[in-house]
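Order of the sequence lines fixes the chain letters, A, B, ..., with proteins taken first and strands second; residue numbering starts at 1 for each chain. What's counted below: heavy atoms across the whole structure, side chains too, no hydrogens, waters or symmetry copies. These numbers were taken from a predicted model, which means no experiment stands behind them.
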Amino acid sequence: MAESNLPKGYEPWDVEKKWLDHWEENKTFTPDPEADGDPYSIVIPPPNVTGVLHMGHALNITLQDILCRYQRQQGKNVLWVPGTDHAGIATQNVVERQLKTEGKTRDDLGRDKFIERVWEWKEEKGGHILKQIRRMGASVDWDRECFTFDEDRAKAVRKVFVQLYEEGLIYKGNYIINWCNRCHTALADDEVEHSPKPGHFYNLKYKLSDGSGDLTIATTRPETMLGDTAICVNPEDGRYKHLIGKTAILPIVGRELPIIGDSYVDMEFGTGALKVTPAHDMNDWELGRKHNLEVLSVFDEDGNINENGPEKYQGMYKDDLRKVIVEDLKAEGALISIDDHEHSVGECYRCKSTIEPHVSEQWFVAMKPLAEKARAAVPSETKIFPNNWEKVYYEWLDNIRDWCISRQIWWGHRIPAWTCEECGELIVSTEDPTKCTKCSSSKLVQEEDVLDTWFSSALWPFSTMGWPEETPELARYYPTSVLITGFDILFFWVARMMMMGIHFQDQIPFHHVYIHALVRDEHGKKMSKSTGNVIDPLEMSDKYGTDALRFTLTSFAAMGRDIKLSEQRIDGYRNFVNKIWNSARFALMNLDGKKPETSLGDASGLANEWILHRLEEVKDTMREAVEAYRFNEVAQTMYKFIWNEFCDWYLEMIKPDLYSDDASRKDATLKVLWTVLSETMVLLHPVMPFVTQEIWSVLPGIENGDIATVAFPEKRDNCRNEKAIKDMELFQGLVSAVRNIRTELIIAPSKKLELIVRTANDQSAALINDNIELFKALARLDNVTAGPEAEGPSASGTAVVQGNELFVPLAGAVDFESELARLDKEFAKLDKDLVMIEKKLANKGFVSNAPAAVVEKEKARLEEINDKKAKLTELKDRLVSVME
RNA sequence: GGGCGGAUAGCUCAGUUGGGAGAGCAUCGGCCUUACAAGCCGAGGGUCACAGGUUCGAGCCCUGUUCCGCCUACCA
C-alpha cells in the first residue's frame with residue numbers, strides 16, 4: 001500500500017482559508033445573467049451593519065448555502081446577493097457611544113458632520129459581519145454586495161416614496177406613537193418590547209362637579225392625570241351609568257372632566273371607572289377620537305412636563321413627578337389607597353428605555369390596500385414552509401395598522417419632502433428641488449426625519465437587482481426563488497417585502513419562504529450575552545472547523561422546531577468530518593495516485609453491487625430532501641451512508657480485493673471505490689464545502705478541480721440491484737450473529753473461530769460459499785463451511801439467521817452457562833413478538849379488513865419466528881445434553 | 001384573553017400517505033483488527049405526557065386534560 005501524504009487527522013484551518021481565497025479569486029460564485037440555466041436566486045437577509053455573527057446567522061447562512069450550492073450542481077444559474085442593513089437607530093447609537101467617550105454629543109457635531117462620522121465608522125468597522133459570513137463558506141457573489149443605504153438603494157427608496165405619496169398611500173398626520181425619550185424617535189409597534197413589571201395601582205377619588213358625591217378611579221400612572229380630559233365608565237354598569245353626562249373635578253388641577261360611557265371599559269377590572277388621557281395612552285387616544293375629546297399633551301419630548309401642565313410642575317421629569325403628584329394627591333385627600341399591581345410596560349428594543357405614548361406629526365403608509373394583495377398571494381404564488389406560518393402571516397395582515405415610517409434620527413434615508421418657507425407648499429420629489437413648484441421661491445426646507453430602516457429593507461429583493469434601472473439582473477433573477485429567514489421578522493420584513501414587491505414589480509418577491517427555527521442553548525433558553533449562554537459560531541468554527549458546525553446546524557434544522565444547540569454535538573460531528581477524511585486517506589493510499597480505467601460495468605461482488613445500489617438511493621433521497629427543505633434528513637442520510645455503510649461495511653469488505661494478487665479484481669473494486677468516494681464528495685459538498693473540496697483536490701483523475709462547479713452525479717439505473725440489498729442483509733445478519741456470540745461468550749477478538757452453517761435454502765448456501773473470504777475477514781474466522789446437510793458440534797454457540805442455523809464450535813474452556821443465558825435472552829425476544837403477531841392474526845377483523853399484503857407479511861413473520869424458535873430450541877437441547 | 005408549537009431511551013431529537021418503536025451522545029463490556037482510539041466490535045435502556053374516541057390496527061387522525069415554550073393582545 002502506498003503512503004498517503006495527507007495528515008492523519010483533518011486540520012480545517014488552512015484548508016478553509018485556502019479554498020475561500022480560491023473561490024473568491026476565481027469569482028466562482030459570480031454568475032452571468034446572460035448565461036444558460038434556469039435562474040435560481042436568493043437575497044441574503046441583510047444583517048445589521050453593526051452586527052456580530054451569532055448562531056442564528058450561522059444557521060441562516062448554512063441553509064442558504066446548501067440550497068445555492070445544490071442548485072448550481074443542478075445546472076441552475078445561481079445568484080446569491082450579500083449585503084448589510086444600515087440599521088438606523090442601532091448604528092447611530094454605536095457612533096453616539098463612541099462620541100461620548102470623546103466627551104461629545106451628536107449635536108456638537110451637527111447633522112452633516114455626524115453622518116460623515118457614521119460613514120467613517122461604517123467603512124472602518126461596519127460590515128465586519130460580512131467577513132464572518134464569508135468564513136461560514138457562503139457562496140455569495142461578492143461583486144454584487146449591497147447596503148440598504150448606498151446610492152443605488154437610495155434611488156429605489158426615493159422612487160418608492162414618491163410614487164406611494166402620489167398614489168395617496170403615504171400621508172402625514174398627527175398620531176399617537178411610541179416615543180423613546182432617550183433615542184428621541186418614534187418607534188413602530190413591533191419595535192416596542194413588552195414585559196411585565198411590578199408597579200402599583202393608585203386608587204384616586206374624583207369629586208362630582210355637582211357635589212352629589214365622588215367616584216374612585218384606578219390608575220397605574222397617576223402623573224398622567226394632568227392630561228386627563230374625560231372619565232369613562234361602562235354604560236351597562238349599574239354603579240355608574242347614571243353619572244354619564246355629568247362632570248367630575250380633576251384633583252390638583254381643578255379641571256372639569258366629562259363622564260362618558262363606552263363598552264370598552266371592563267366592569268370587572270379595577271374600579272370600573274377609568275381616567276382618559278388621550279395624549280399619553282394608546283387606548284385613551286382611540287377613546288378620545290371616538291368621543292371627540294380634547295387631546296392635551298403635558299409631556300415634552302424628553303418626558304418633562306411642558307407648558308400645558310400646572311406651573312409648579314413644569315420641567316419636572318415624569319418619574320420624579322409621580323412621587324410629587326402622589327404626595328399632593330395625598331395632601332388633598334384624593335388618594336384612597338395604593339395596591340401592588342404587575343402590569344405590562346413597553347420598552348425601546350434598542351435602548352430599553354420605557355416607551356412613552358406621544359402625540360406628534362409623523363409620516364405613515366396606508367397599509368390596507370397593500371396588505372390585501374400580499375395576503376392573497378399566499379399560498380398561491382408564494383408558499384411558506386412550514387405552512388403553519390401562513391396563519392400567523394394572515395393574522396397580522398388582517399389586523400394591520402398604518403405603518404409609521406418617520407424616525408427622528410439622522411442616520412437613514414432622509415424623507416424626500418420639502419416645505420416652501422414662503423407659501424407653505426409641500427414638495428415630494430425624487431430629485432432635490434431647487435425652487436418651489438408653486439411660488440418658485442428657493443427657500444425650501446427638507447424634512448428632518450429619516451425613514452424607518454425597514455422601509456429600505458422592504459425593497460431588498462428588487463433594489464439589490466438594480467431597480468429602478470431595468471437591469472439584466474432584475475429581468476433574470478426577480479422574483480427570487482426562496483427567502484430563508486427566522487420567524488421573528490415575518491412581520492417586520494417578510495410581509496412588507498411581499499407588499500412592496502407586488503406593488504412595484506407586479507410580482508411576488510419570492511416563490512418560497514422557508515422559516516427556520518430559533519437557535520437556543522442546550523436547555524432551550526434564548527442565547528444572550530447577559531445570561532452567558534452564548535455559543536459563538538466563530539469560536540466553534542475555530543475549535544471544530546466550519547464543516548462540523550455547518551453539519552451540526554443542518555442536522556438540527558427540522559422544520560418548525562427550535563434548535564437546542566450544544567457544543568457536545570458539534571464535537572460529535574467534528575469526529576464525523578475526521579471519519580470522512582480518514583476514509584478518503586484509505587482510498588487514496590489504495591488508488592496510489594491513479595484513477596482506475598476499468599469500466600464500472602466490470603465491478604462485481606456483493607460489496608460493490610450493494611454500495612453502488614445504495615449510492616443510487618442516496619442520490620434520490622438527497623434530491624428529495626433538499627428540494628423539500630428537509631435539511632435534517634439531508635444530514636442524516638449522508639451521515640448514515642458514509643459512516644454506517646461506506647466505512648463500517650464497504651471499506652472492510654473490499655480489503656480482501658484490495659490486497660489481492662488478482663489485478664483485474666483489484667482494479668474493478670478500485671473503480672467502484674473511486675466512483676463512490678468522488679460522487680459522495682459531490683453529494684456532501686453543499687453541506688460540507690471545505691473537506692469535500694480538499695479531498696476532491698487530491699483525488700486522482702479529476703478533470704474539474706473545483707468541486708463547487710461539478711454537476712450533481714447522474715443517475716445510474718443499471719446499478720440498481722435489489723438482490724444485492726437482500727444478500728447484504730443476510731450477510732450482515734450472519735456476521736453480526738457471529739460477532740454477538742463472540743462478545744457475549746467473552747472470546748477474545750484476536751481468536752479466530754470456525755463457522756458452520758446449515759443453510760436454509762440454495763440462495764443462502766450460494767451467498768455464503770461465494771463470500772467465504774468476506775466472512776472470514778469481517779467475522780474473524782479461519783474456517784467456514786456451509787451446506788444443507790452441514791452439522792456443527794453440539795457444544796457450539798448457535799444462532800438462527802433467516803432460517804440458517806449457525807454453529808460456532810466452542811473450545812472446552814468456554815462457559816456454557818453464558819451461552820444458555822444468551823439463548824434464553826433470544827427466546828424472550830421471540831416470545832414477545834410471537835404473542836403480538838398471534839394476537840393480531842387471531843383477530844378476525846384484521847384478517848378480513850387489512851390489506852392482503854399486510855396480512856401475508858404478518859403470516860410470513862409468524863412462520864419465520866416459529867421456525868427460528870424451533871431450530872433454536874433444538875440447538876439449545878443439544879447443548880444441554882452435552883453439559884450433562 | 002387569543003393563537004401556535006412541544007411532551008418518544010438518562011440527555012438532545014428523528015419518525016412523509018395509520019400496519020413489526022429509531023439515531024447521536026451518555027452508560028456498561030471487550031478490543032492498538034496494517035484509514036481512523038476524533039477509532040472498532042458487542043450490549044443494556046422506552047405504558048411514545050394523561051383520559052377518551054375513530055379504526056381490524058394509533059407515536060401518527062379526532063375530542064378533552066395537564067405541564068412547558070413562544071408569538072400576540074386595549075385589562076386602565
### Message
Taking the ring centre of each residue, are A:Y573 and A:Y544 less than 6.0 Å apart?
### Response
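Here the rings of A:Y544 and A:Y573 have centres that are no less than 6.0 Å from each other.
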
Is there a donor and acceptor pair, one atom on the side chain of [X] and one on the base of [N], closer than 3.5 Å?
{"X": "A:R739", "N": "B:G42", "value": "no"}
{"X": "A:E652", "N": "B:A35", "value": "yes"}
{"X": "A:K579", "N": "B:C36", "value": "yes"}

#### Entry: Comparing A:N632 and A:E858 on RNA chain B - which has the more 5′ nearest nucleotide
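The residue whose closest nucleotide sits nearer the 5' end is A:N632.
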
### Earlier contact from the 5' end, RNA chain B, for A:S555 and A:G845
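Upstream on the strand: A:S555.
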
### Query
Is the A:F551 ring parallel, tilted or perpendicular to the A:F576 ring (thresholds 30°, 60°)?
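Rings of A:F551 and A:F576: tilted, 30 to 60°.
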
### Message
Students often mix this up, so state it plainly: with edges at 30° and 60°, are the rings of A:F631 and A:Y629 parallel, tilted or perpendicular?
### Response
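Because their plane-to-plane angle lies in the 30° to 60° range, the rings of A:F631 and A:Y629 count as tilted.
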
### Task
Could you work out the separation of B:A38 and B:G44 based on their C1' atoms and round it to a whole Å?
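These two C1' atoms come out 25 Å apart once rounded.
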
### Message
In whole Å, measure the gap between the P atoms of B:G39 and B:U72 for me.
### Response
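The answer is 43 Å between these two P atoms.
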
Have a look at [X] and say if it touches a base, only the backbone sugar-phosphate, or nothing, with a 4.0 Å heavy-atom cut-off.
{"X": "A:D648", "answer": "sugar-phosphate"}
{"X": "A:R742", "answer": "nothing"}
{"X": "A:K844", "answer": "nothing"}
{"X": "A:E744", "answer": "sugar-phosphate"}
{"X": "A:R780", "answer": "base"}
{"X": "A:I217", "answer": "nothing"}
{"X": "A:V276", "answer": "nothing"}
{"X": "A:F576", "answer": "nothing"}

Kindly say if [X] contacts the phosphate of [N], meaning a side-chain N or O under 4.0 Å from OP1 or OP2.
{"X": "A:Y659", "N": "B:A35", "answer": "yes"}
{"X": "A:K655", "N": "B:A35", "answer": "yes"}
{"X": "A:K840", "N": "B:G20", "answer": "yes"}
{"X": "A:N590", "N": "B:A35", "answer": "no"}
{"X": "A:N582", "N": "B:A35", "answer": "no"}
{"X": "A:K8", "N": "B:A37", "answer": "yes"}
{"X": "A:W396", "N": "B:G2", "answer": "no"}

Whole angstroms only, please: what is the [atom1]-[atom2] distance between [X] and [N]?
{"X": "A:F846", "N": "B:U55", "atom1": "CZ", "atom2": "P", "result": "17 Å"}
{"X": "A:D833", "N": "B:G19", "atom1": "CG", "atom2": "P", "result": "17 Å"}
{"X": "A:W389", "N": "B:C4", "atom1": "CH2", "atom2": "P", "result": "12 Å"}
{"X": "A:N578", "N": "B:C36", "atom1": "CG", "atom2": "P", "result": "11 Å"}
{"X": "A:K275", "N": "B:A76", "atom1": "NZ", "atom2": "P", "result": "12 Å"}

### Lys/Arg cation over aromatic A:F586: A:K655, 6.0 Å, 45° cone
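Yes, A:K655 lies over the aromatic ring of A:F586.
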
### Query
Can a donor-acceptor pair be found between the side chains of A:N632 and A:S555 at a distance below 3.5 Å?
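Note: A:N632 and A:S555 side chains miss the donor-acceptor criterion.
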
### Task
Please check if atom CD in A:E863 has more than 12 non-hydrogen atoms from other residues, nucleotides or ligands closer than 6.0 Å.
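At most 12 heavy atoms, drawn from other residues, nucleotides or ligands, come within 6.0 Å of this atom.
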
### Query
Is it true that A:K776 and A:D782 make a salt bridge, defined as a side-chain N closer than 4.0 Å to a carboxylate O?
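No.
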
### Query
When you check the gap from the basic side-chain N to the acidic O, do A:R574 and A:D547 get nearer than 4.0 Å?
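Salt bridge: no.
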
### Query
Once Watson-Crick and G-U wobble pairs under 3.5 Å are found, how is RNA chain B written in dot-bracket notation, 5' to 3', with | for any base paired to another strand?
(((((((..((((.....[..)))).(((((.......))))).....(((((..]....))))))))))))....

### Task
Would you check, one step at a time, whether the test side chain to side chain contact (heavy atoms under 4.5 Å, CB included) holds for A:K839 with A:F846?
CA-CA 10 Å; A:K839 204 171 136 193; A:F846 173 73; over 6 Å; no

